[in-house]
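Everything on this sheet refers to the single structure shown next.
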Amino acid sequence: MLGETTDDDSNNEPNPTQTAAGELADAIRTTLGPNGLDKMVVGENGTVIVTNDGSKIIEWMDITHPVGRLVEQAAAAQDNTVGDGTTTAVVLVGALLEEAATLRSAGLHPTTIIDGYGRAVEAALDQLAQYERGLHSRQDDRLTQIAKTAVTGRWDDASTDRFAELTLSALQAIGFDTSRLTLKSYPGGELRESVCLDGVLVDLETSSTSLNALSHPRTRTHDEPAIAMVDAEIGIEEPNNVESVELQDATQRNAFQAHEQDRRTELVEQVVQSGATVLLCQKSIDEAVRTALAQRGVLPVERTRRDEFDVIARATGSTPVMSVDDLTADDTGTVGSVTQRTVGTAQTLVLQGCPEEHRATLLLRGGTPHVAEEVRRIVADCIDVTRVALDDGVFVPGGGAVPTALAMDLAALSREIPDRTQLVFDGFGTALEALPRTLAANAGTDPLTTLTGIKQRHDAGAETVGVGPDGHPRDMIDAGILEPAAVFRSALQRAVAVVTQILRVDDVVRTSTNERTADGEHDHAHAATGGYPWAVGH
Ligand code: ADP
Ligand code: MG
């Protein structure tokens with residue numbers, strides 16, 4: 001009968017709330033680690049995406065269950081703040097909920113579990129410090145290893161290694177100031193054609209910079225050009241009201257045309273007089289002027305995107321003027337070279353060797369738009385993770401070495417606990433072990449054998465041993481499988497936070513189940529939600 005639901009009832013049946021989160025964890029568990037499988041996500045409109053990036057899979061999954069949404073939000077927050085560790089967080093959520101279910105079957109109240117998890121996570125975070133190692137400098141080779149670990153398994157090994165190396169060399173070139181780095185990815189090329197350019201790349205298509213006069217350029221490369229910049233349209237000022245102008249006769253028409261021609265000549269002459277060999281205009285350039293400029297050896301670029309225009313002005317030391325009439329030699333800036341470059345089907349202009357502001361561009365290639373986009377994401381993740389590691393200054397061994405060590409620490413600590421919280425600590429430790437177990441299972445080795453092997457090595461003092469890429473125990477420092485400490489720390493904190501929420505919701509849902517109204521609807525307004533607004537309306 002309704003209203004008589006007891007703790008015991010819920011212990012025997014899978015709890016629907018926990019199941020939603022558990023199913024999500026199950027769905028992405030097989031993608032964890034270097035041997036994670038790809039998932040094919042089919043979008044509503046039939047688009048197919050193949051990836052093993054946990055955060056993308058969750059983002060593209062159509063999650064409707066409110067509890068699934070909580071896990072999704074936690075994963076998104078993890079991705080946004082540290083750029084990695086989303087699958088780790090979700091696997092931890094699943095494992096912690098599973099352990100919570102076992103603890104409840106053993107008769108523990110959710111509140112005891114929530115409190116115990118809270119204490120266990122604090123203890124685990126305290127212990128984490130002893131496994132952290134410091135980065136020596138921005139040139140530390142281990143930064144490259146950290147970037148590689150973050151994207152291992154996303155593409156073939158050789159390519160991911162190359163992307164990590166490219167990213168690091170670009171970051172080092174600009175002193176890790178990412179505001180000076182531009183990512184550009186273009187379909188139609190080989191991954192290995194991706195390069196790091198010392199300078200700015202202007203995409204003439206997406207920047208809507210049309211370069212018609214360049215179809216027959218005199219030179220494709222301008223060495224040490226003088227760069228003039230005009231922040232306004234370049235052309236003949238039109239009469240205010242064009243329709244009202246009537247050219248009565250041929251003489252008038254000729255006079256008008258002659259005037260226009262004079263003005264064009266004047267504009268071209270002014271640009272040439274300034275010594276400029278490259279002219280960047282933020283708006284359009286009159287077509288005849290453009291052609292005449294090209295004939296005089298000046299490279300005209302119109303409709304340069306606003307952000308690129310500003311970057312180029314800063315990087316080249318050019319002072320934009322509002323009218324060609326104001327242009328002088330003093331206003332021009334320079335770079336090492338300006339080159340017209342065709343990338344796939346796109347026309348681009350590369351400004352290399354900027355004297356005023358060192359800039360870098362990662363020019364990424366991929367066979368199809370999907371590949372090009374995935375490459376861009378991989379490199380973006382490398383950048384995020386490298387920055388997180390640098391900001392934090394510490395890294396840890398990867399491959400589940402740290403969660404295994406923490407599980408062992410918690411097991412030792414739990415022996416000192418006199419009450420039933422001891423069971424919760426043990427459960428928390430078992431949940432942490434889900435990470436090395438999953439990595440082993442995904443690599444095709446027996447999770448229990450691998451875990452036991454790793455624990456033996458830890459017992460013998462080798463606390464940096466984790467699951468190697470082949471699924472067998474391996475020293476992670478030797479193998480260069482390193483992660484920012486912040487990624488694991490954040491994944492653990494977020495996982496516990498969301499599990500706590502879910503365990504609390506359970507309590508509320510059961511209470512409100514008791515309060516169901518006659519038509520079977522929840523009584524949303526009822527105080528039984530205990531002050532948790534997110535529990536309302538499930
Ligand atoms: P997440 O979304 O959590 O980042 P990943 O699929 O990227 O999930 O897997 C991350 C896990 O894989 C981490 O535990 C990391 O240490 C481990 N890992 C990454 N590269 C390797 C490797 N080459 N060998 C073993 N483990 C690795
Ligand atoms: Mg990852």
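All of these numbers come straight from a predicted model, not from anything done at the bench. The basis for the numbers below is simple: all heavy atoms, side chains too, and nothing from hydrogens, waters or symmetry mates.
No side-chain donor-acceptor contact under 3.5 Å links Ser137 and Asp140. Of the N and O atoms on the side chains of Thr404 and Glu433, not one donor lies less than 3.5 Å from an acceptor on the other residue. Side-chain atoms of Thr86 and Asp79 form no donor-acceptor pair, as typed in the model, at a separation below 3.5 Å. Judged purely by distance below 3.5 Å, without hydrogens or angles, the side chains of Thr111 and His109 pair a donor atom with an acceptor atom. Between the side chains of Arg154 and Ser159, not a single donor N or O lies within less than 3.5 Å of an accepting N or O. The closest side-chain donor-acceptor pair between Arg420 and Thr112, if any, does not fall under 3.5 angstrom.
For the atom pair OG1 of Thr438 and CG of Asn35, the computed distance is 12.5 Å after rounding to the nearest 0.5 Å. Separating the OG1 atom in Thr386 from the CD atom in Gln172 is a distance of 9.5 Å, to the nearest 0.5 Å. Interatomic distance, Ile174 CD1 to Leu181 CG, rounded to the nearest 0.5 Å: 4.5 Å. Put simply, OH on Tyr117 and CG on Leu103 are 5.5 Å apart, with the number rounded to the nearest 0.5 Å.
At a threshold of 4.0 Å, the pair Glu98-Arg104 does not count as salt-bridged, since none of the basic side-chain nitrogens sits closer than that to a carboxylate oxygen. For Glu190 and Arg365, the salt-bridge test fails: no basic side-chain N is under 4.0 Å from an acidic carboxylate O. Residues Arg306 and Asp310 are paired through a salt bridge, judged by an N-O separation under 4.0 Å between the basic side chain and the carboxylate. Taking the charged nitrogens against the carboxylate oxygens, Lys148 and Asp157 have no contact shorter than 4.0 Å, which rules out a salt bridge. In summary, Arg69 and Glu72 engage in a salt bridge, as defined by a charged side-chain N under 4.0 Å from a carboxylate O. Salt bridge annotation for Arg119-Glu122: absent, with no cationic side-chain nitrogen under 4.0 angstrom from a carboxylate oxygen. Ion pairing between Arg489 and Glu483 fails under the 4.0 Å rule for side-chain N and carboxylate O. Salt-bridge formation is not detected for the pair Arg457/Asp475: no Lys NZ or Arg NE/NH1/NH2 atom is positioned less than 4.0 Å from an Asp or Glu carboxylate oxygen. Lys455 has no carboxylate O lying under 4.0 Å from a charged side-chain N of Glu463, or vice versa, which leaves the two without a salt bridge.
Within the 4.5 Å cutoff, the side chain of Leu410 has no heavy atoms near those of the Gln127 side chain. Residues Leu448 and Arg437 meet the side-chain proximity criterion, which asks for heavy atoms closer than 4.5 Å.
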>> Go through it in stages, so that I can follow the logic: the residues are Gln78 and Ser490, the test is side-chain hydrogen bond (donor to acceptor under 3.5 Å, both in side chains), and I'd like the CA-CA distance, side-chain angles, deciding distance and then a yes or no.
In response: CA-CA 7 Å; Gln78 171 78 14; Ser490 157; 2.6 Å; yes

> After noting the C-alpha distance and the side-chain angles of His358 and Asp177, does the key distance pass the side-chain hydrogen bond (donor to acceptor under 3.5 Å, both in side chains) rule?
Replying inline: CA-CA 10 Å; His358 206 157; Asp177 175 358; over 6 Å; no

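Environment of CZ in Arg377: crowded, with over 12 heavy atoms of neighbouring residues, nucleotides or ligands closer than 6.0 Å.
Annotation for Phe176 and Arg387: closest pair O-NH1, 4.4 Å, computed over non-hydrogen atoms. Scanning both residues, Pro403 and Leu432, for their nearest heavy atoms gives CB-O, 3.5 Å. Of all non-hydrogen atoms in Ala486 and Val82, the two that sit nearest each other are O-CG1, 4.3 Å.
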